[in-house]
Amino acid sequence: MTDKTMTPEDVVSRLRSGMTLGIGGWGSRRKPMALVRALLRSDITDLTVISYGGPDVGLLAAAGRIRTLVAAFATLDSIPLEPHFRAARQRGAFELREVDEAMFMWGLHAAANRLPFLPVRAGLGSDVMRVNPGLKTVTSPYEDGETFVAMPALRMDAALVHLHRADRLGNGQYLGPDPYFDDLFCEAADSAYVSCERLVDDFATAVPQTLLVKRHAVTGVVEAPNGAHFTSCAPDYGRDEPFQKLYATTPWPQFAERFLSGDEKAYRSAVESWHEEQQ
Amino acid sequence: MKPTSTTTRAEYCAIACADAWLDGGEVLASPMGLIPSIGARLAKRTFSPDLLLTDGEAMIVGLDGAVEGWLPYRQHLTMVTGGRRHVMMGASQLDRFGNQNISCIGDWQQPARQLLGVRGAPVNTLNNPVSYWVPKHSKRVFVPRVDMVSGVGYDSAAAAGPSATRFHRIPRVVSDLGVLDFETADHAMRLASVHPGVTVEEVQEATGFPLVLPDEVPRTREPTATELRLIRTVIDPDGLREREVPAV
């Protein structure tokens, strides 16, 4: 069977400017940061990014790679407001399609099920309808006759997610408390790339319910230890809070210069030496 | 009732938050912020023992933190739409009919201050009871009209039709000055009680629109001796509550 292992650079070589890109995880939790960093090293831009936003959104926004963002929020969790997302919004750097987080979920479900939309009792009466003039409503064909928002499918060209374990075929396992929506991201995308903490030979001894992502929905697998850094990847590791604080308080050019100008290995050693300086 | 002179403002706030979950039944209490968390735990320890609590991540936990269930985001969203939840959210802005904003300040196209985004406020407000906690009652928060309707207020729900109003309910707003509700003919915000030591004028002065004022505004109820003991010795022994709402 097909060995789908590849490097972060291989993944990025399959992406193009102008694509619609889904990014898994939630807030500052289990974000495919190694893949996002590889993306930042390329000249890919003009992206439509679909994300339960965290520093993935902040990094891409700060670097000017986002044309349109589809999101319900962007947060660093322990730091409630994502500073680079905020700064970019306040200078009008990209277009926002702001939807509610349940609408977002139904958009993923619709895309994964090849439906144009799904009805949802959310959005009505809120300014989500005002700021998304393209959103339409749908009337129940049954006796109740209720009106709902028809949440359009969030179909994407490619999805990036980070899981704890994966095999070479593209099956992915999560070991943390929450699957987030990573399986849906993969199923909602024309191609999906799974980075993982560790490649394994098989899942013979795995708890079945942890096997979240199935290989038919995966195009490529990347072994990326610490690949969610500095977001949390419990139980393998927690969030690197001091480093996240540094990210949130350092002017972007300075942060990018020190941590993002080299490859993933250079990133890791830059993070390590920064931590040593803090001792 | 004679006020317990030693009861602090923060404790009145915690009591007023706890009362939001009175008669809640077997629902998920989703408190956002410290004082609402104290309130939810107090409610569960006393008059609403069937409440479900989360650990803020993916677990449903008891008062001692012991796990009793699993609630990842996708199931949490189902619980929201199923209605078996009463959330107490924060609000950067709140208006006369209970519209809430946590998205941004200023023009949405290019905001003066970008905040969180609407998060789950639109789905919450249309599907399960939503109360609000405002730790610092001021005209900056209580505004004539919010800049971005995130949580849906009574007037907005009514304008959107029966699907929006079917499960819509905003039971109360608790602030450091008092308790507000929408128990009026047109669901305009009413001052339901003032915390002891606060005057009605003070609340109106800190509010950016006219409040509905009953002839006599009652005082927020006193905690029982048991409630006070629970707050002080069991739920918040380190007194973190006094930092969120300082003594006046």
Side-chain angles (χ1 to χ4, degrees), chain A residues 26 29 52-53 69 71-75 77 80-83 85-93 95-96 98-106 108-109 119-131 137 139-140 144-149 174 176-181 183-184 232 234, chain B residues 55-59 67 70-78 80-81 90 99-127 146-168:
Chain A
W26 175 287
R29 306 177 201 187
Y52 284 113
L69 174 69
F73 58 81
T75 180
D77 295 346
L81 303 178
E82 217 299 346
F85 159 74
R86 294 189 80 190
R89 266 286 280 159
Q90 288 168 197
R91 61 173 187 265
E95 181 200 337
L96 181 64
E98 184 170 359
V99 294
D100 164 272
E101 59 197 42
M103 295 171 70
F104 189 114
M105 178 183 77
W106 288 112
L108 294 179
H109 274 288
V120 50
R121 195 193 306 278
L124 297 168
S126 79
D127 275 342
V128 161
M129 304 306 282
R130 171 173 66 89
V131 303
T137 57
T139 304
S140 166
D144 58 83
E146 281 202 63
T147 299
F148 301 101
V149 170
Y174 80 108
D178 202 308
Y180 307 120
F181 300 88
D183 49 334
L184 284 173
S232 73
Chain B
D55 67 347
E57 295 247 0
M59 297 301 166
V67 171
W70 183 51
L71 194 67
Y73 281 113
R74 55 184 78 186
Q75 291 193 358
H76 202 137
L77 287 170
T78 304
V80 169
T81 47
N99 295 290
Q100 169 249 28
N101 176 20
I102 47 171
S103 172
C104 66
I105 303 296
D107 177 28
W108 180 86
Q109 285 295 341
Q110 190 172 340
R113 276 198 301 140
Q114 174 65 42
L115 305 173
L116 256 188
V118 292
R119 283 220 70 155
V123 74
N124 288 346
T125 40
L126 258 55
N127 288 281
V146 301
D147 293 340
M148 168 82 181
V149 176
S150 311
V152 179
Y154 280 98
D155 58 339
S156 304
S163 289
T165 55
R166 188 168 174 191
F167 304 114
H168 178 266

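To find a chain, count down the sequence lines: A is the first, B the second, and so on, and within it residues start at 1. This one's a predicted model, so the numbers in the text were calculated from it and none came from an experiment. Both backbone and side-chain heavy atoms feed into the values below; hydrogens, waters and symmetry mates do not.
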With rounding to the nearest 0.5 angstrom, report the [atom1] to [atom2] distance, [X] to [Y].
X        : Y        : atom1 : atom2 : answer
A/Trp106 : B/Leu77  : CH2   : CG    : 9.0 Å
B/Arg119 : A/Glu98  : CZ    : CD    : 12.0 Å
A/His109 : B/Arg74  : NE2   : CZ    : 6.5 Å
A/Leu96  : B/Ser103 : CG    : OG    : 7.5 Å

Presence of salt bridge, A/Asp144 and B/Arg166, under 4.0 angstrom: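 Here B/Arg166 does not pair with A/Asp144 in a salt bridge, since their nearest N and O are not under 4.0 Å apart.
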
Partner residues of A/Ala72 under the side chain to side chain contact (heavy atoms under 4.5 Å, CB included) criterion, sequence neighbours left out: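 Per chain and number, A/Ala72 pairs via side chain to side chain contact (heavy atoms under 4.5 Å, CB included) with A/Glu101.
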
Check whether any side-chain N or O of [X] sits under 3.5 Å from a backbone N or O of [Y] as a donor-acceptor pair, and report yes or no.
X        : Y        : answer
A/Arg121 : B/Val123 : no
B/Gln110 : A/Gln90  : yes
B/Asn127 : A/Ala122 : no

If I compare all heavy atoms of [X] with all of [Y], which pair ends up nearest, and what's the gap?
X        : Y        : result
A/Asp100 : B/Pro122 : OD2-CD, 3.2 Å
A/Ser126 : B/Ser150 : CB-O, 3.9 Å
A/Thr75  : B/Leu116 : CB-CD2, 3.9 Å

Partner chain B: residue of A/Val149, A/Leu184, A/Val128, A/Thr137 with the largest heavy-atom pair count (under 4.5 Å):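 Top option by heavy-atom pairs under 4.5 Å: A/Val128.
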
Qualifying residue, where the test is side chain to side chain donor-acceptor pair (under 3.5 Å) with B/Gln114 and the options are A/Arg89, A/Glu82, A/Arg86: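 That would be A/Arg89; it is the only one of A/Arg89, A/Glu82, A/Arg86 passing the side chain to side chain donor-acceptor pair (under 3.5 Å) with B/Gln114.
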
When B/His168, B/Arg113, B/Gln109 are compared by non-hydrogen pairs under 4.5 Å with chain A, the top option: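 Max contact count across the listed options: B/Arg113.
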
A/Ala102 versus chain B, the contacting section by heavy-atom distance below 4.5 Å: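 Contact with chain B: backbone and side chain both.
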
Part of A/Val99 within contact of chain B (heavy atom distance under 4.5 Å):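 The answer is the backbone of A/Val99.
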
